[in-house]
Amino acid sequence: MTALIVANVFAWVAIAALSVTVLALARQVGLLHERVAPMGALTMEGGPKAGAAAPSFALTDLSGHKITIGGAGGRTQLVFFLSPTCPVCKKLLPILRSIAADERRTTDVLLASDGEHAEHLEFYTREKLAPFRYVLSAELGMAYRIGRLPYAVVIGPDGTLAARGLVNNREQIESLLLARELGVSSVQEFLSRAPKQDAHERHDDVAVG
Amino acid sequence: MGGAVCRLALAVIFAQASVHALRDWPTYAAIVENFRIVPPQAARLAARVVPVAELAAAALLLMPAPRIAGPALGLLLMAVFTAAIWINVARGRVNIDCGCGGASGQQLSAALVVRNLVLCALLAATAAAPLPQDLNAALLVGVPGAAAFLVALYFAASQLMANARALAA
């Protein structure tokens with residue numbers, strides 16, 4: 001009887017440990033897929049670097065008006081790459097509206113995607129995106145090596161690429177604009193440039209040298 | 001005992017899906033709308049109703065009476081989800097987000113339909129299975145243990161399905 005109880009306890013512990021192991025392995029495989037996805041890995045590496053001149057594209061927006069993305073236009077451009085089937089993009093649309101309103105003196109917020117004109121026009125009408133200009137260009141996405149959405153690119157008034165990155169919330173979009181104002185390619189870079197200040201600010205309660 | 005195990009496991013799965021949806025509701029609403037089963041206005045309503053119904057199903061599954069209520073609500077929800085997934089798989093729109101909770105960014109596939117049918121079979125089984133009457137030590141350890149095992153199996157299977165999609169891409 002005691003032997004049975006011991007064996008049973010052991011079996012339960014083994015089942016629990018193996019379940020956790022299998023789950024962890026599956027998740028790790030999933031994370032690896034995300035990291036090595038051909039586009040995912042390149043988003044950080046490929047395409048124009050922050051600080052360099054942004055490639056200039058003469059495009060036509062959904063309503064047929066000419067628009068230039070990149071180039072020294074005198075205004076900051078925030079290009080938001082999205083797709084009608086990307087749920088996070090849809091979540092960010094109201095946030096983009098509010099950012100566009102807050103920054104309207106200096107910044108144009110543009111939406112970019114690629115695919116069929118009719119589908120995007122339907123999306124544009126349904127989501128009431130009239131305040132934004134919306135362009136369809138596969139070349140634009142390829143130039144910035146957009147692999148995952150939603151992705152945002154900030155081009156400064158002088159035509160230099162100020163910052164770019166995958167964005168999932170308001171803070172991340174604002175961090176790209178902030179990075180432009182600070183003259184760094186990303187907030188991470190700003191923090192690494194000023195390590196002492198950063199250490200001081202973030203670890204106020206700890207005695208860091 | 002099997003009935004109690006399945007009820008507990010299914011309750012955890014429904015509760016998890018509900019919490020996952022409620023924690024990032026705007027994204028969840030966009031996912032529901034993206035299924036294009038009902039018009040956008042109705043989709044937003046559905047996105048409000050479904051997580052609440054899932055939570056209710058989880059609670060009902062844990063209640064001894066009425067025995068049929070939890071499995072019935074669960075089956076109704078699963079029928080709706082499975083139909084929505086199947087319609088979009090049939091339309092060829094497999095690249096949309098499943099919104100299933102658990103594995104993030106899981107997309108639609110025929111395997112997902114099979115997984116849901118397995119869950120439906122478990123729900124149907126719990127409706128018929130009697131609940132244990134007397135509690136003893138073996139049940140107190142065995143039921144949560146076996147339920148935790150089933151939940152882990154469910155999440156591992158979901159994750160492996162998501163991985164299979166990434167591999168096939």
Side-chain angles (χ1 to χ4, degrees), chain A residues 1 4-5 8-41 82-97 115 119 122-123 125-128 147-150 166-170, chain B residues 9 21 24-36 39-41 43-44 47 88 91-99 102-108 137-138 140-169:
Chain A
M1 185 65 192
L4 263 183
I5 292 173
N8 210 303
V9 168
F10 178 77
W12 272 115
V13 172
I15 289 172
L18 283 173
S19 307
V20 171
T21 312
V22 169
L23 194 57
L25 277 175
R27 280 207 78 90
Q28 282 178 5
V29 173
L31 281 176
L32 281 177
H33 277 304
E34 272 179 34
R35 292 223 182 119
V36 300
M39 300 302 217
L82 80 174
S83 109
T85 58
C86 151
V88 182
C89 304
K90 212 174 275 181
K91 180 184 84 169
L92 290 181
L93 286 176
I95 293 167
L96 272 182
R97 273 180 224 281
E119 189 195 343
E122 192 258 334
F123 175 65
T125 320
R126 178 159 42 91
E127 296 293 325
K128 303 184 178 66
R148 300 179 63 193
L149 297 171
L166 204 57
V167 287
N168 285 310
N169 52 43
R170 184 185 190 109
Chain B
D24 190 357
W25 191 79
T27 306
Y28 183 72
I31 289 171
V32 175
E33 198 177 315
N34 218 354
F35 268 84
R36 298 200 190 156
Q41 294 295 328
R44 294 183 72 78
N88 276 290
R91 283 173 180 167
R93 298 181 74 233
V94 290
N95 288 322
I96 64 173
D97 199 317
C98 162
S104 62
Q106 190 173 17
Q107 297 178 330
L108 305 187
L140 283 177
V141 177
V143 171
F149 172 71
L150 281 186
V151 171
L153 209 60
Y154 167 82
F155 285 119
S158 300
Q159 182 69 52
L160 287 174
M161 272 188 252
N163 295 354
R165 277 300 295 270
L167 267 179

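All values reported here derive from a predicted model rather than from experimental measurement. We name chains A, B, ... by the order of the sequence lines, and we start the count at 1 in each one. Scope of the values below: all heavy atoms of this structure, side chains included, with no hydrogens, waters or symmetry mates.
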Check your understanding: Who passes side-chain contact (heavy atoms from CB on, under 4.5 Å) against B:L160, sequence neighbours left out?
Key -> A:A26, B:N163

Review point. How many angstroms lie between atom OG1 of A:T85 and atom CZ of B:R36, to the nearest 0.5 angstrom?
Key: 7.5 Å

Practice item. Give a yes or no on this: more than 12 heavy atoms of other residues, nucleotides or ligands lie within 6.0 Å of atom CZ of B:R44. Key: no

Exercise for review: Mind listing the closest non-hydrogen atom pair of B:F149 and A:I15 along with its distance?
Suggested key: CD1-CG2, 3.3 Å

Check your understanding: Looking at B:G99, B:A29, B:A156, which makes the most heavy-atom pairs under 4.5 Å with chain A?
Key -> B:A156

Point to revise | Rounded distance (nearest 0.5 Å) linking atom CD of B:Q159 with atom CG of A:L25 | key: 11.0 Å

Exercise for review: Please flag which part of B:N95 lies under 4.5 Å from any non-hydrogen atom of chain A: side chain, backbone, both or neither.
Suggested key: neither

Point to revise | Minimal non-hydrogen separation, A:W12 against B:G142, with atom names | key: CH2-O, 3.6 Å

Check your understanding: By a 4.5 Å heavy-atom criterion (distance strictly below it), what part of A:E127 contacts chain B: side chain, backbone, both, or neither?
Key -> side chain

Study note, to complete from the structure: With A:P87 as partner, the option from B:N34, B:V32, B:D24 fulfilling side-chain contact (heavy atoms from CB on, under 4.5 Å) is B:N34

Point to revise | Closest-packed option against chain A by number of heavy-atom pairs under 4.5 Å, given B:A152, B:G145, B:P40 | key: B:G145

Check your understanding: Is it the side chain or the backbone of B:A146 that comes within 4.5 Å of chain A heavy atoms, both, or neither?
Key -> both

Check your understanding: Side chain, backbone, both or neither: which part of A:C86 has an atom under 4.5 Å from a heavy atom of chain B?
Key -> backbone

Point to revise | Set of side-chain contact (heavy atoms from CB on, under 4.5 Å) partners for B:A157, sequence neighbours left out | key: none

